Amino acid sequence: MTAFFAEHLKCGRQIKAQGLEEEEIKAGAEAINEQFKADLVFGFLFTAQTLINSIYQTAYTIFIAIFGSRMIRRGRMDSSGILTFQTYWSTQDRYLSEILTQYQNVKGTQGALEKVTDVLSYETEETGDANGPVCPEGNIVLENVSFGYPDGEEVLHDVNCTVPYGKSVAVIGANGSGKSTFFKLLLRLYEPDSGRIYIEGQTEQEDLHAWRSHFGYAAQNTALFSGTIKENILYSCGDLSDGELERLCAAVNLDEVLAEKENGLDEEAGEAGCRLSGGQQQRVAIARALAAKPGYLMLDEATSQLDFVNDRIIEENTRAQMEERSVIFIAHNIASARRADVIMLFDNGRLINMGTDSELMERCKLYREYVIISEGGSIDEEV
């Protein structure tokens with residue numbers, strides 16, 4: 001029941017929008033009814049246990065009284081023997097009851113222990129020394145990189161490329177083509193099944209903490225925390241001067257949002273940013289990524305909930321903020337991708353082409369089709 005309501009209550013708006021209140025009420029009633037039945041069985045067993053225990057205590061008290069009195073009359077036991085025997089019986093009964101109680105507790109937590117054991121059995125990620133050396137940034141090289149999920153087919157196949165440093169790089173392709181997986185590999189959230197990923201000029205692979213310190217990351221599904229807007233922005237860097245914060249907020253067009261808030265940067269974002277709109281959440285997330293002053297800014301459709309005016313403004317400001325550093329972004333908006341210095345085109349898990357807009361227009365049929373469709377044309381126009 002808890003799992004049902006934890007999942008469905010947060011989807012309340014979607015349920016209302018689809019007019020499915022009655023169905024959800026019925027499903028919720030069924031979940032409550034199942035829990036009620038389970039609690040009813042538990043209550044019955046608890047009552048039965050209490051009754052049996054009461055009958056048991058009454059029975060052994062009568063037993064001791066009858067047989068103890070008979071043994072005293074026959075001179076086979078001292079008059080204090082009944083009290084002594086009852087004390088021994090009560091003591092062993094108490095210990096037995098404790099054993100049964102502990103057994104019930106163990107059985108009750110057995111399911112949870114199995115889950116905890118599963119979690120503890122996972123391999124621990126070794127991130128390395130937080131104060132260890134960090135190599136200079138440069139071009140990111142992927143050599144024969146392939147990746148597949150456990151018990152699944154390969155998602156990326158034999159990717160070979162050099163992601164240039166100091167450029168804006170657009171990653172495009174159809175849904176399921178491997179764009180987000182490519183991002184996770186760059187961040188080393190996943191490790192490739194084969195091949196290697198490294199920064200050009202490195203003599204040896206950095207540990208995870210040092211590697212990830214090069215990157216700032218903002219995703220489509222924004223992860224904000226309870227606290228103020230300022231606390232969310234500073235999450236990645238610890239502290240910034242007031243001037244730096246103001247410039248950062250202006251870069252992502254957050255200053256106009258803050259002007260409408262009574263407390264400005266000290267306004268509460270709410271749980272998971274619930275007091276901010278989707279577009280406002282994304283601006284905070286981009287500001288947080290920029291605040292870390294990364295060498296590579298990774299934007300995974302991070303402006304998908306912004307209107308086209310703010311999208312363009314933030315795109316230009318972000319590139320200005322990342323001058324001489326890299327901006328790598330996933331784009332479904334071909335117009336945004338065409339303004340990038342370099343475009344990477346994925347299809348069916350393969351990097352099929354990479355280059356500037358003019359280069360891809362000249363040599364890549366699939367890219368030309370994307371451009372034609374984005375401009376309102378038909379792929380039949382492609383010759």
Side-chain angles (χ1 to χ4, degrees), residues 1-11 31 34-35 37-39 41-42 45 98-135 140 142-159 175-199 202 204-227 235-236 271-273 285 288-289 292 298 300 330 349:
M1 183 183 72
T2 302
F4 175 87
F5 283 106
E7 178 182 12
H8 287 248
L9 284 175
K10 65 183 179 182
C11 298
E34 289 296 321
Q35 184 65 44
K37 289 178 180 177
D39 289 342
V41 171
F42 175 80
L45 293 176
E98 288 179 2
I99 291 172
L100 293 175
T101 299
Q102 294 306 319
Y103 175 77
Q104 289 176 330
N105 290 337
V106 169
K107 296 301 291 183
T109 56
Q110 190 171 16
L113 286 171
E114 289 176 358
K115 296 291 185 182
V116 171
T117 302
D118 288 342
V119 172
L120 292 176
S121 67
Y122 294 156
E123 185 177 348
T124 302
E125 184 180 71
E126 298 294 337
T127 58
D129 184 4
N131 299 313
V134 178
C135 297
I140 301 176
L142 289 84
E143 289 182 354
N144 305 313
V145 171
S146 295
F147 174 81
Y149 295 102
D151 304 322
E153 62 183 37
E154 203 169 61
V155 180
L156 281 182
H157 318 284
D158 197 29
V159 176
N175 292 333
S177 59
K179 304 185 298 298
S180 292
T181 302
F182 171 71
F183 259 42
K184 292 180 174 67
L185 284 168
L186 288 185
L187 289 166
R188 289 179 67 187
L189 301 176
Y190 300 152
E191 293 291 345
D193 296 332
S194 61
R196 59 191 291 250
I197 303 172
Y198 61 94
I199 295 176
Q202 284 186 351
E204 60 183 38
Q205 180 72 292
E206 290 179 297
D207 60 40
L208 286 178
H209 190 278
W211 177 272
R212 290 172 184 163
S213 68
H214 295 295
F215 294 86
Y217 177 64
Q220 178 180 11
N221 299 318
T222 308
L224 297 186
F225 303 97
S226 297
Y235 179 78
S236 62
E271 184 179 355
R288 179 174 60 196
M298 310 277 287
D300 187 352
I330 292 176

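Bear in mind the structure is a predicted one, so any value in this text is a computation, not a measurement.
The backbone N or O of Tyr198 lies less than 3.5 Å from no partner atom in the side chain of Trp211, so there is not a single donor-acceptor pair.
Taking Glu191 as the reference, Arg188 meet the salt bridge (Lys or Arg N to Asp or Glu O under 4.0 Å) condition, with sequence neighbours excluded. With sequence neighbours excluded, the residues that form a salt bridge (Lys or Arg N to Asp or Glu O under 4.0 Å) with Glu143 are Arg196.
The distance from atom NZ of Lys184 to atom OH of Tyr217, rounded to the nearest 0.5 Å, is 5.0 Å. In this structure, the separation between OG on Ser177 and CZ on Phe182 is 11.5 Å, given to the nearest 0.5 Å. Here the straight-line distance linking atom CZ of Arg288 with atom OH of Tyr235 works out to 7.5 Å at 0.5 Å rounding. Rounding to the nearest 0.5 Å gives a distance of 5.0 Å between CG of Leu189 and CG of Leu187. Atoms CD1 and CG, from Ile197 and Leu186 in turn, are 6.0 Å apart once rounded to the nearest 0.5 Å.
Scanning all heavy atoms of the two residues, the minimum distance from Ser146 to Glu154 falls at CB-OE2, 3.4 Å. When every heavy atom of Pro192 is checked against every heavy atom of Phe147, the shortest pair comes out as CA-CD1, 4.3 Å.
At least one side-chain heavy atom of His214 sits under 4.5 Å from a side-chain heavy atom of Ile199. Contact annotation: the side chain of Leu156 never approaches that of Asp193 to less than 4.5 Å [non-hydrogen atoms, C-beta and beyond]. Considering only heavy atoms from C-beta on, Thr181 comes within 4.5 Å of Tyr149 through its side chain. Residues Lys179 and Asp300 have side chains not in contact (no heavy-atom distance under 4.5 Å, counting atoms from C-beta outward).
By the neighbour-count criterion of 12 heavy atoms within 6.0 Å, atom CD of Glu153 is sparsely surrounded, having that number or fewer from other residues, nucleotides or ligands.
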